[in-house]
Amino acid sequence: MKTLAHTILRLRYLIISIVLLLTVFFGYFIKDLRVNADVLGYLPDDDLAANLFKEIGRNYGGNEMIIIGIDGKEVFTAEMLELIRQVTDSVRTVRGIGYVTSLTNVLDIKSTEYGIEIGRLVDEWAIPEDASSLENLKKYTLSKEMYRGNLVSEDARSTLVVAKVLDGANRTDAVEEIRAKLAQIPFEGRFYYGGMPVTLLELSNVIIHDIKFIAPLAFVLICLVLAMGFRNMRGVLVPMFTVLIAVTWTMGLIGLLGYEITLITNVIPVILLAVGSAYAIHVVNRINEEMGVEPKQALIRAMAYVTVPVFLASLTTVFGFLSFIAGSYLTMIQQFGLFTAIGIIFSLILAVTFIPALLGVFHKSPSAVAKAGSSNKIMFTLTNGISHLVFNHQKLLLGIWGALVLFSFWGISRIERRVDLVDYFKKENIVQQSEKLLKEKFNGSMPLYVKISGDVQNPEVLRMMKTTQDFMEQFSYIPHSQSVADLIEQMNDVMGEGKQIPDDQAKVQQLWFLLDGQEIMEQLVSYDLREGIIQGYVASTDLEVLREIEVNFSEFVAQNQSNDFDLAVTGIPIMFKRLDDSIIRSQIYSLILAILLVVALISFLQHSLIKGLLAIIPVAATLIILFGTMGNTGIPLDIATVLTGSVTIGIGIDYAIHFISYFGNAYQASHNIRESIEKSIHGSGRAILINLLSVAIGFAVLLFSNLVPLQRFGFLIAVTMIISGMAALTLLPVALLMTGEKLEVIFRLKDRILKKVG
């Protein structure tokens, strides 16, 4: 390490030049960053259900809908029907919109004195105006399941206009254009906007807001913490300048490689500001401690000591984030893990090369640094109080930690899991309000598809479609489904032969002829008539419901295969269930991997398995309290909070590593447990306290995010960093004190026995 430090100082001007050139290079590509909030766009390529979902979108006019809710007035009036017609016509002209369905253009099959009539529910060019005609229309519409709860609410005071977005079209542009067009239509009630494209647009807006506001706020607050901790400009500027370079490199690399900013990767700058500054803080703190001698010698001694613990601390964090690559279902979480790990590696490299090189050029005199350090009475008072507790109130400390852990075990049993994207928004957001309308008055908005491959004019295939619909509708959370079999049954019924599928395929083909050219057919069957889809809409995002859907529909598909047809199921509920599975898998993988790695690294560093196990004590306590806090406060395990376990281990173990490293060096010099612990509390304690405050505040700024999961994530990390840091400064010293003194007695007794035997 001393050789490395000598080399860094000798090449300091070259290192600074290379760092600045790389910063300009990577900074150039930040302009290429694009926001993509499409969670489902990051489904894995090898997932059959995901691929089928995309295939249905390509072949059936898109699988994503923009839902416009019109609420607040009686629907069946001439004024409202004219409004619905205007909205329908306006939406139809928007780029990227394929099909639009509303009361004024929906297909209607009915019997007349002249036979079967296939037309529109409402003639948009002759909207009824007299009260009698409007009342008859209302009764007729509400009597039919395909309209009631799908296009009009049962109280007839809300209606929907549903637009399908064409596969490959720009969804967010379509939503913005629809909003702009409808804003020009006078209406005293209110328009609601729902569906996945609307959710993604709102997510994009939130991501842009967070990038512009949250990261700069985190930067300012961390600077204030460093100013309070180091009490000099060098202690603020050097760590923050270093971590800004790491952020620039990381975000520039994302742009250079053509990746996009997602719901998760947008927090990478905040994580790097908080986590990456930790390594710089420990380096600067150790350099300050060594400034009793000539500056260059102080740098060499400091780097010889601090490089290994900083390297090991960052390595545990890197592996914690890399674990998401193996355990995540969504590729955006894998990308988050990869680029965060790369950013942490950048932070490490800069901390152990750029900082000493920079300080080697712009160094201060030993007296100036010593004066700045001695003026910080706050840190001395805090470390002195912690030392007093450790040596004089061990039972009290153990009692407090024991009570926290026991209370947290109770909370762990109450943890919920949630994957609903709507839950990501605040209650006043349009997505939340629109979803409330859809759940209360309509049949839901999450599509569930069963694809049937076979001759769709074959009566057996059509009967299987109806069997599938009957299976769907036995579940209360799938109130309505649709397929071409519905239309054939209705037409057969109108023809006077009952609401059933005809036995003769020739008869089916005769009825089918009347449907040719209808817009709805392109949404239900393929052009070559070799496959069709059954559409259902799920009105719940409860995980028990999603689990039931996946299990029951998988069994149904497996049990109903035939030589005439083949079934396959997909849909957003299936995707959400897979996402939930990946959240649990990610959590388990990352925790196990990080804990094993931590034990191995600390054991290697201290040449002792016992010390490796001791280092886990504060981290284990923090993890238990973390998950207990989630259960006790009602914070669910979701796409963002699943990251907290790995982040807690990765950052929290830093405190234990630095404390044990300091303790190991002190013990080698004095061979006195109590003296070594006291020196460690005062020596490493200052850096740990500054670090935990900067990290906690850095993550706490996520409370200002407009995304609820990121607010939860920020709150949890802020709390657990404080807990983890205090565990390293209280629980770990007590454990070292208790086990160390016992080991000393054993070793002394062993030495005496050996002397007597000798």
- Not counting sequence neighbours, which residues clear ring-ring contact (aromatic ring centres under 6.0 Å, His included) with Tyr477? List them please. Phe475

- Query: What residues, two or more places apart in sequence or in another chain, satisfy ring-ring contact (aromatic ring centres under 6.0 Å, His included) together with Phe704?
  - Reply: none

Can you give the donor-acceptor pairs under 3.5 Å from side chains of residues 612-624 to other protein atoms, not counting sequence neighbours?
{"unit_1": "Thr622", "atom_1": "OG1", "unit_2": "Pro618", "atom_2": "O", "d": "2.7"}

Can you list everything that forms a salt bridge (charged side-chain N to carboxylate O under 4.0 Å, His left out) with [X]? Sequence neighbours excluded, please.
X: Lys577; result: Glu550, Asp581
X: Glu548; result: none
X: Arg547; result: Glu544

Sequence neighbours left out, what passes side chain to side chain donor-acceptor pair (under 3.5 Å) with [X]? Give chain and number order.
X: Thr730; answer: Trp401
X: Thr199; answer: none
X: Asn632; answer: Arg414
X: Gln433; answer: Arg190

- So which pairs with a foot in residues 702-730 pass salt bridge (charged side-chain N to carboxylate O under 4.0 Å, His left out), sequence neighbours left out? Asp423-Arg712, Asp638-Arg712

- Task: Output all residues satisfying side-chain contact (heavy atoms from CB on, under 4.5 Å) with Thr242, sequence neighbours left out; order by chain, then residue number.
- Result: Val238, Leu350, Phe354, Ile355

